[in-house]
Enquirer: 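Can you keep this structure in mind? I'll have questions shortly.
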Amino acid sequence: MNKLRIFILLMVVSQTLHSQFNDITQLDIDLFAKDSISHRNPNHRKNLSYMKTMLDSNRKLYGRAEYMTKLATSYFVNNQLDSAVFYYNRAIDHHANLSLKYHLDDKSMKEAHYMLSRITHKRKNYEKALKHGNTALFYEKKYPDIKWKPYLLTLVARCNHSLGSYRKASELFLKVAEDSAYMSSARNRSAVTLRLGIIYSKNYLNVTDSSLYYLKKEIKSALRPKGFRNNLPFAYAYLGSFFKERNRDSAMAYYKKSLQEFELNRHTFGGPYEPTTNEISILVIQAYVSLQEGNYTETIHSAETAIGFLNSEAQNSDERDMILDAYSYLLEAYEKLGDYEQANKHLRIRETILKDFHKKELQSKIENLTVEYETREKVETIQRLETEKSNMDLAYAKKRAQLYLSIIVAIVVVLFLFGAFKWRNLKGRLQKVSLEQRLLLSQLNPHFIFNVLQNVISMIDNRPQQAQKLTSALGKLLRMNLENSREDFVDIRDEIKALNYYMEIYQQTVVPFSFKIILPEDLDSESNRIPPMMVQPLVENAIKHGVSSLKEQGNIIVEFSKGGNGHLACAVKDNGPGFAGNNSNHRSLGLQILLERAQKYFKRKSPDFLRFIDKKNNKEGYNVVLLQLPMLND
């Protein structure tokens, strides 16, 4: 009898729950997620459980990625980081498998990637932290929120700083400093100001005056009655490092102030550093002070203790600097004591650590350059296509409205002529969009970038300076291509810069050759503008099908001159085998797009703007391609 009563009770409860969740809609999920599952809600875990029950009632409802993200955040708040990482990754995987990116799940990706970036940065996996941070910024552009943005920028800036990308880090911190709401917090203002002072203090960007400005600004702010003093020891410490090679008395004074502040605030450290790093900073500063005071035994003890904390393994630029300083003080102390064997031993260790870190830093910069280029290209392409789609939809909507209006007033003939005219204009715009997209794809071949990066990696050990120079040239070329691809006309000066970078890279990676770019004095390279990337396909052909097959020294000359009818003439010359000696039947995609663009600018199909002269028919002994360019005067 009791079993029968329990069974009936369970049936009633089941039926009640079924009827309660039978009519759950997507709107119910959206409203509940918006109002009830914030981790600041006292009933957060109960609300999460209720949301899971709602989602399980109908597998077609969206919101599971949002649910798993908020569940992960609840674990993060309770410092259960492994569980948090597990559910953040589950949310990301679930979102990736969705055929429809519903806004509730799509928007949750900003929080998931941001929190994963924070966790991986704390665990010193800076490359992965930077990848998650950049992805979070991508979703921030898609779903803007003025409260989120400064925190995202700060996190990505810290990742770049840790990886040694100081210029990028300083740019991002300066953007954060412009956010008055974020900087109104004394803690936030202190962290940003100190970071800028640190970046400039080591002369990373050759702007030492900025270092003094930001470090002294932080000290002045911290010493106010209600100032945030937790970062004050670090401001003194980096001022001491700044003066170490300039004025040792000033360096000692600031280092001693730093040690005093460390002692006063030993148990209340906040700011951007971990406690272990605080202890290492104290030990390295104590080693320097002891060395200057002649207490070499204490110097050795402090330096070796600091090195023991780091286990000779620098994870970021700050730790690299500390461990190198510790070894410098250590070997100098052994020299003062006359123990040259120990001094020489530690000198070799220091040189090995420095070499390994530089190698790792260069590899990281190459990877970051590739990721940044791909991410920027993806974001810009998506935004551009969305804008074009919106314009196309608007154009079609206007055309339909005109068609309906013409039918109502029965002006059939006028409707036909007007519609034909609009369709022609629309077709021309479509052709222009298609041509611009093909130009974007043809600007830099992915194989070209891959080959350059492979060459850089092979040069790292034997020719690090050449590897750094090649990496710099590639970065500048990529930046110029992205900027110029958005313009119809660019300065001749900018086009010449891009050609210089392009040929310098080919010189170092494909075949050695000499080149020269000639610009007449009566032609102003800043006030005269030409379409971008018109000359590059001709230079590429001159390298691939011309000088690359020569056994002797190849030579390429690019000569600009004033043409007729306000146009600009450009001659690309090479001493290759000649057009008749080139057996390739392949037609360059770059040349084909160049012809289409030139026809678009000159409004005619005549081939006058492009001529080929074989060196057999040229007294100078060069193969010549003559290109006539449209020119715009500012």
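Any value given below was found using the heavy atoms of this structure, including those in side chains, with hydrogens, waters and symmetry copies removed.
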Enquirer: Does the side chain of D30 come within less than 4.5 Å of H103's, by heavy atoms?
Expert: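 Answer yes - side chains close enough.
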Enquirer: Is any side-chain heavy atom of L474 closer than 4.5 Å to a side-chain heavy atom of L453?
Expert: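 Touching, per the 4.5 Å side-chain cut-off.
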Enquirer: Can the ring centroids of Y75 and F86 be said to lie less than 6.0 angstrom from one another?
Expert: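 So the answer is no for these two rings.
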Enquirer: Kindly indicate, with the supporting measurements, whether the criterion side chain to side chain contact (heavy atoms under 4.5 Å, CB included) is fulfilled by N58 and I24.
Expert: CA-CA 8 Å; N58 186 348; I24 295 295; 6.0 Å; no
Enquirer: Would you check if there is a donor-acceptor pair between the side chains of Q536 and Y502 at a distance under 3.5 Å?
Expert: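 Note: Y502 and Q536 side chains meet the donor-acceptor criterion.
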Enquirer: Measure from the side-chain N and O atoms of S190 to the backbone N and O of A186, and report whether any donor-acceptor pair falls under 3.5 Å.
Expert: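 Checked: no pair found.
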Enquirer: With rounding to the nearest 0.5 Å, note down the distance linking OH in Y87 to CE in M68.
Expert: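 Y87 OH to M68 CE: 9.5 Å, rounded to 0.5 Å.
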Enquirer: Considering non-hydrogen atoms only, spot the tightest contact between S117 and A129 and give its length.
Expert: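 That would be OG-O, 2.7 Å.
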Enquirer: Shortest non-hydrogen contact from L153 to K175?
Expert: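 Where L153 meets K175 most closely, the heavy atoms are CD1-CB, 4.3 Å.
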Enquirer: Report the distance from atom CG of D93 to atom CG of N89, rounding to the nearest 0.5 Å.
Expert: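 It comes to 6.5 Å.
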Enquirer: Please check this pair: side chain of S221 against backbone of K217, looking for a donor-acceptor N/O pair closer than 3.5 Å.
Expert: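 No: the side chain of S221 does not pair with the backbone of K217.
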Enquirer: Hey, could you give me the OH/CD distance between Y151 and E140, rounded to the nearest 0.5 Å?
Expert: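 One finds 13.0 Å between OH of Y151 and CD of E140.
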Enquirer: What's the shortest heavy-atom distance between I146 and P150, and which atoms?
Expert: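 That would be O-CD, 3.2 Å.
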Enquirer: Considering only heavy atoms from C-beta outward, does the side chain of Q508 approach that of N455 to under 4.5 Å?
Expert: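 The answer is no, as the side chains (C-beta and beyond) never meet within the 4.5 Å cut-off.
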Enquirer: Please examine the side chains of I92 and L116, heavy atoms only from C-beta on, and report whether any two atoms are closer than 4.5 Å.
Expert: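 Side-chain contact under 4.5 Å: yes.
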Enquirer: Starting from the C-alpha separation in whole Å, work towards a yes-or-no answer on side chain to side chain contact (heavy atoms under 4.5 Å, CB included) for L215 and L196.
Expert: CA-CA 8 Å; L215 291 175; L196 286 168; over 6 Å; no
Enquirer: Step by step, would you call H94 with L98 a side chain to side chain contact (heavy atoms under 4.5 Å, CB included)?
Expert: CA-CA 7 Å; H94 176 79; L98 289 175; 3.8 Å; yes
Enquirer: I would like to know whether D28 and T25 meet side-chain hydrogen bond (donor to acceptor under 3.5 Å, both in side chains); could you show each step before the answer?
Expert: CA-CA 5 Å; D28 296 328; T25 66; 3.1 Å; yes
Enquirer: For a side chain to side chain contact (heavy atoms under 4.5 Å, CB included) check, start with the C-alpha distance between K110 and L152, then their side-chain angles and the critical distance, and finish with the verdict.
Expert: CA-CA 9 Å; K110 177 166 64 174; L152 286 171; 4.2 Å; yes
Enquirer: Would you mind reporting whether E171 and N160 have side-chain heavy atoms less than 4.5 Å apart?
Expert: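 Side chain of N160 against side chain of E171, heavy atoms only: no contact under 4.5 Å found.
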Enquirer: Can you name the closest pair of heavy atoms from C159 and L130 and give their distance?
Expert: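 Closest approach of C159 to L130: SG-N, 3.8 Å.
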Enquirer: More than 12 non-hydrogen atoms from neighbouring residues, nucleotides or ligands closer than 6.0 Å to NZ on K101, yes or no?
Expert: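 More than 12 within 6.0 Å, yes.
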Enquirer: Is it the case that the side chain of S74 and the backbone of L71 share a donor-acceptor pair, with hydrogens and angles ignored and the cut-off at 3.5 Å?
Expert: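 Pair found, side chain donor or acceptor close to backbone of L71.
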Enquirer: Would D82 and R123 pass as an ion pair if we require N to O under 4.0 Å?
Expert: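 Yes, D82 and R123 are salt-bridged.
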Enquirer: Does K70 come within less than 4.0 Å of E66, counting only side-chain N to carboxylate O?
Expert: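 Answer for the salt bridge query: yes.
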Enquirer: Considering residues, nucleotides and ligands other than L100, do more than 12 of their heavy atoms fall under 6.0 Å from its CG?
Expert: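 Enclosed: over 12 neighbouring heavy atoms sit under 6.0 Å from CG of L100.
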Enquirer: Between D179 and K149, is there a side-chain heavy-atom distance shorter than 4.5 Å?
Expert: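 Contact flag for K149/D179 side chains = no.
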Enquirer: Can D105 and S108 be counted as having a side-chain donor-acceptor contact under 3.5 angstrom?
Expert: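 No pair is found: no donor N or O on one side chain lies under 3.5 Å from an acceptor on the other.
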Enquirer: Under 30°, 30 to 60°, or over 60°: which ring-plane class applies to Y114 and W148, parallel, tilted or perpendicular?
Expert: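 Y114 vs W148 ring planes: perpendicular.
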Enquirer: Keeping S170 on the side-chain end and R167 on the backbone end, is there a donor-acceptor pair under 3.5 Å?
Expert: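 Side chain of S170 to backbone of R167: a pair is present.
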Enquirer: What closest approach, in Å, do M51 and A33 show between heavy atoms, and which atom pair accounts for it?
Expert: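 Shortest heavy-atom separation between M51 and A33 comes out as CE-CB, 4.1 Å.
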Enquirer: Short question: side chain of S185, backbone of Y182 - any donor-acceptor pair under 3.5 Å?
Expert: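 Such a contact is absent between S185 side chain and Y182 backbone.
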Enquirer: Is there side-chain contact between R118 and L155, with heavy atoms separated by less than 4.5 Å?
Expert: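 Answer yes - side chains close enough.
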Enquirer: For P233, is there any backbone N or O sitting under 3.5 Å from a side-chain donor or acceptor partner on S258?
Expert: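 Yes.
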Enquirer: Among Y213, Y214, F173, which residue meets the side-chain contact (heavy atoms from CB on, under 4.5 Å) test with T193?
Expert: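 Testing each of Y213, Y214, F173 against T193, the sole residue satisfying side-chain contact (heavy atoms from CB on, under 4.5 Å) is Y214.
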Enquirer: Going by the ring pair (Phe, Tyr, Trp, His ring centres under 6.0 Å) test, name the single residue among H121, H132, H161 that passes it with Y126.
Expert: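 That would be H121.
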Enquirer: Once the angle between the rings of Y62 and Y102 is folded into 0 to 90°, is it parallel (under 30°), tilted (30 to 60°) or perpendicular (over 60°)?
Expert: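 Parallel, since the angle between the ring planes stays under 30°.
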Enquirer: Would you compute the distance between atom CG of N47 and atom NZ of K52 and round it to the nearest 0.5 angstrom?
Expert: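 So the CG of N47 and the NZ of K52 are separated by 15.5 Å.
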Enquirer: Centroid separation under 6.0 Å, is that true for the rings of F234 and F262?
Expert: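 Yes; F234 has its ring centre under 6.0 Å from that of F262.
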Enquirer: To the nearest 0.5 Å, tell me how far R158 CZ sits from R195 CZ.
Expert: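 Answer for the CZ-CZ pair, R158 versus R195, is 5.0 Å.
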Enquirer: Report the distance from atom CD of Q468 to atom CD1 of I460, rounding to the nearest 0.5 Å.
Expert: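 Reported to 0.5 Å precision, the distance equals 10.5 Å.
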Enquirer: Please name the pair of heavy atoms, one in A65 and one in M109, separated by the smallest distance, quoted to 0.1 Å.
Expert: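 Reported closest heavy-atom pair: CB-CE, 4.1 Å.
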Enquirer: So do the side chains of K476 and S472 get within less than 4.5 Å of each other, counting heavy atoms only?
Expert: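 They are in contact (side-chain heavy atoms under 4.5 Å apart), so the answer is yes.
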